[in-house]
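The chains referred to below are lettered A, B, ... by the order of the sequence lines, with proteins before strands, and numbering in each begins at 1. As the structure is a computational prediction, the values presented were derived from the model and not from experiment.
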Amino acid sequence: MNYKEIVVDALYAALEGQLERSIIEDAIENPKSLALGDFAFPAFPLARIFKRAPQIIASEIASKVDQGNFDKVQAVGPYVNFFLDKKAFSNDVLHQILAEGSSYGDQDLGNNGNVTIDMSSPNIAKPISMGHLRSTVIGNSIAKILEKTNYHPIKINHLGDWGTQFGKLIEAYKLWGTEEEVKADPINKLLEYYVRFHKEDVEHPELDDEARAWFKKLEDGDPEAVRLWKWFRSESLKSFMKIYNKLGVEFDSFNGEAFYNDKMDEVVSLLEQKKLLQESRGAQIVDLSKYDLNPALIKKTDGATLYITRDLAAAIYRKRTYNFVQSLYVVGNEQTNHFKQLKAVLKELGEEWSDDIHHIPFGLITQGGKKLSTRAGRVILLDEVLDDAMTLAKKQIEEKNPDLKNKEKVAKQVGVGAVIFHDLKNERMNNFDFDLDEVVRFEGETGPYVQYTHARAMSILRKSEDKALSGGKEENYQLDDEESWEVLRLLESFSMIVKRAVKEYEPSVVAKYSLHLAKSFNKYYAHTKILKNDEQLTARLALAKSVASVLKESLRLLGVQAPEEM
RNA sequence: GCGCUUGUAGCUCAGCAGGAUAGAGCGACCGCCUCCUAAGCGGUAGGUCAUCGGUUCGAUUCCGAUCAAGCGCACCA
């Protein structure tokens, strides 16, 4: 039910047609505090039209409005404040949530259209860092929110599994590595070789020539190079999967850079056919000056292709394969220019669907104010952060709830939940400096706070099993106390929140919402005895159940689990 | 130099399409468990919303300029 409509109707009638409905609707706003009502109509704009003081206009409107559908309508200064009928609202909202369960908030915005999401995309032979976490959890959450609004997300892990770094890696492995070492601890050993390579090639530039030679061999299909490449790739993927399992993230495709090797010639010849390719300083470029962009480098002086060539091939492949209605790239904001170029080149090719490509940028994670760098060995290993978080969660459980069953499982849900939630609770674009204590905090505005609130509500429902709710219309869910009102208003706004989150590709909208809902319910919980056996018991249980349900669904949209007990 | 992003309490951040006393969390200080999980609830302290202009009845919110920070700016991805 649209409660704003009720207010518009009332105002339209009171104003006797002097203002159009759409103008009234646009003017209505949400008061800052619920003490000022649920909707407010400011009379300022009318002051000029009617040539009267807004305060007087407001009180006149208030006296004319049919109060029948509201608890109260009153003029406060230049505003007309509307207080909704709490009992009716409460009954409607709670019945709807209990009836719809986890599908509460579902809506059809996408008509089941395909949306590809380029996300995570770690580099083979390098560990997954906190930077990849951002892309992974933001992409994962956007996928879930898209699904809830009836899009069909396709999660693509565009692995960095090709490029000159493999030449370096093979050379480093041949120089310093052994098979036994790599097998024992693949990612860390491979990283060690890689970092050492970059240290030593400063003084021994000839190493770079060797590396280039190895990459050339790899491209030409040299058996040893290919064997090593395949081996590095599969070992890396194995260890990536362990982390993705911890995070609970799955992918629909692992087609990475190597996958597009044989698909770039077509891109180049397309560009040639359209006469877009020019030579500049020995390289092949597409001029983008009419877009106010730097030229896109398609081929290097030595004829080798570049990043954008591969992404062009990937974009075209995805359009052909999935016929997407949107194509998202969850990639750090430092690559903004790259995606502008990508879209511009596609546009030049006459591909109108380039407008459906959206770069979803996010802010940088730094450590001690410095940018993370694999080459410099300055990395924060996601796996270690997750393990730390789980260990800390376990410790917390031993202190606070030592009798809990499934301690290990809950510790994992809480620890991992804390890390994911921390990443999603703020706007994507904000930079943040990594602080382990902050990431694994369990108090205040954190994932575990929301999980805890959910667990508390579930605990109440367990204790009231003898009075289990039927959800039938005959049950009365009419609450009208001030304490529950904020909770009810928040519950009602869930679908609007989902809508906003999907429009802005912004999981933080959902995370913030879950914090608000949890906070308002905790307040209610502290002031109201839910299990008191009186005539409103059923209604209060319906509220607790609705809160648990919406909190769980909010967390699910973020990719965070909601344990029943913790 | 050009482009993108950001600038709100000591720290981390909210503030949705401009509107009624600018809100949380953390940190500090002080309260609340014979009562549904205290991973909780409440209180106190703390802000010229970077600066200056403009639009408007009204600007933290929109526009412009300035200052500051981060990130980019052709043969890495």
Side-chain angles (χ1 to χ4, degrees), chain A residues 26-27 29-33 36 40 42 44-45 47-48 54 76-79 81 121 123 158 160 162-165 257 280-285 292-302 304-308 310-311 331-338 340-341 361 363-364 366 369 371 375 393 396-397 399-401 404 414 418 425-427 429-433 435 437-438 441-453 455-464 493 496-497 500 504 508-509 512 515-516 518-519 522-532 540 544 565-566:
Chain A
D26 286 347
E29 56 190 63
N30 301 319
K32 294 214 159 163
S33 152
L36 293 166
F44 302 102
R48 184 182 284 173
V76 177
Y79 291 89
N81 292 337
S121 309
N123 293 316
H158 190 78
W162 201 252
T164 47
Q165 75 266 26
E257 293 172 1
S280 170
R281 301 181 215 172
Q284 296 291 311
I285 64 154
D292 243 354
L293 292 169
N294 287 330
L297 257 173
I298 302 296
K299 273 190 171 181
K300 300 202 273 190
T301 314
D302 65 5
T305 55
L306 282 127
Y307 180 33
I308 196 161
R310 203 172 295 270
D311 261 6
V331 180
N333 80 60
E334 65 271 19
Q335 292 195 40
T336 298
N337 271 319
H338 167 74
K340 283 185 182 170
Q341 290 182 321
L364 205 68
T366 53
K371 195 180 171 179
R375 289 189 188 186
Q396 198 88 197
I397 289 167
E399 271 173 37
K400 312 214 178 215
N401 197 355
L404 183 69
V414 172
K425 78 173 169 182
N426 291 325
E427 260 178 77
M429 283 305 291
N430 293 353
N431 292 344
F432 72 83
D433 200 61
D435 176 355
D437 293 339
E438 189 64 28
R441 231 184 60 221
F442 299 148
E443 288 153 25
E445 297 178 328
T446 64
Y449 173 83
V450 180
Q451 291 174 317
Y452 177 68
T453 312
R456 272 179 143 183
M458 292 309 290
S459 168
I460 288 176
L461 294 168
R462 274 194 303 277
K463 292 200 165 134
S464 68
S493 66
M496 198 201 76
I497 292 292
R500 219 183 107 199
E504 296 173 16
S508 72
V509 169
K512 284 259 153 54
L515 285 169
H516 288 149
K519 195 169 170 48
N522 276 325
K523 196 172 165 185
Y524 178 76
Y525 179 98
H527 297 285
T528 309
K529 175 86 179 169
I530 294 171
L531 288 176
K532 198 171 141 197
R540 286 193 303 270
E565 282 181 77
M566 63 186 272

If we take the [atom1] atom in both [N] and [M], what is their distance in whole Å?
N	M	atom1	value
G47(B)	A9(B)	C1'	5 Å
U8(B)	C49(B)	P	11 Å
G7(B)	C13(B)	C1'	13 Å
G18(B)	G54(B)	C1'	15 Å
G70(B)	G64(B)	P	24 Å
A50(B)	A28(B)	C1'	26 Å
U21(B)	G25(B)	P	22 Å
U44(B)	A24(B)	P	10 Å

Whether [X] contacts [N] is assessed here as follows: a side-chain N or O lying under 4.0 Å from the phosphate OP1 or OP2. Is that the case?
X	N	value
R500(A)	A17(B)	no
Y525(A)	A39(B)	no
K463(A)	U37(B)	yes
K299(A)	A74(B)	no
K523(A)	C41(B)	no
K371(A)	G72(B)	yes
N430(A)	G7(B)	no
S459(A)	U37(B)	yes

Report yes if some heavy atom in the side chain of I460(A) is under 4.5 Å from a heavy atom in the side chain of L531(A); otherwise report no.
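Counting from C-beta outward, I460(A) and L531(A) do come under 4.5 Å.
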Quick one: [atom1] on [X] to [atom2] on [Y], what's the gap to the nearest 0.5 Å?
X	Y	atom1	atom2	value
L364(A)	M429(A)	CG	CE	10.0 Å
N401(A)	E399(A)	CG	CD	12.0 Å
I308(A)	T305(A)	CD1	OG1	12.0 Å

Applying a 4.0 Å non-hydrogen cut-off, can you work out what [X] is touching in the nucleic acid: base, sugar-phosphate, or nothing?
X	answer
E565(A)	base
P31(A)	base
K340(A)	sugar-phosphate
L364(A)	sugar-phosphate
L293(A)	nothing
E504(A)	nothing
A455(A)	base
Y307(A)	base
T528(A)	base
H516(A)	nothing
A544(A)	nothing
L297(A)	base
V414(A)	base
I397(A)	base

Closest to side chain of [X], choosing from [options]:
X	options	answer
Y452(A)	G25(B), A38(B), A74(B)	A38(B)
E443(A)	G72(B), G25(B), A39(B)	A39(B)
K400(A)	A20(B), A39(B), A77(B)	A39(B)
K512(A)	C73(B), G19(B), C13(B)	C13(B)
N30(A)	C16(B), G25(B), A20(B)	C16(B)

Between C1' on G40(B) and CD on Q396(A), what's the gap in Å once rounded to a whole number?
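Nearest whole value for this atom pair: 13 Å.
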E334(A) or S280(A), whichever maps to the more 5' nucleotide of RNA chain B:
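Comparing both residues, the 5'-ward one is E334(A).
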Nearest-nucleotide wise, let me know which of G77(A) and R281(A) is further upstream toward the 5' end of RNA chain B.
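So the residue in question is G77(A).
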Syn versus anti for A17(B), judged by chi lying within 90° of 0?
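It is syn.
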Report the glycosidic orientation of C30(B): syn if within 90° of 0, anti in every other case.
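With its glycosidic angle more than 90° from zero, C30(B) counts as anti.
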Does a distance-only test, which skips hydrogens and angles, find a donor-acceptor pair under 3.5 Å between the side chain of N81(A) and the base of A20(B)?
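Checked by distance alone, the answer is yes.
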Are a donor atom and an acceptor atom from the side chains of [X] and [Y] found within less than 3.5 Å of each other?
X	Y	answer
N522(A)	Y449(A)	yes
Q341(A)	Y307(A)	no
D433(A)	T366(A)	yes

Could you tell me which nucleotide pairs with C49(B) by Watson-Crick or G-U wobble geometry, both distances under 3.5 Å, or answer none if nothing does?
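Result: none.
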Need the pair for A39(B). Rule: Watson-Crick or G-U wobble, both distances under 3.5 Å, any strand; none if unpaired.
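With both distances under 3.5 Å required, A39(B) matches none.
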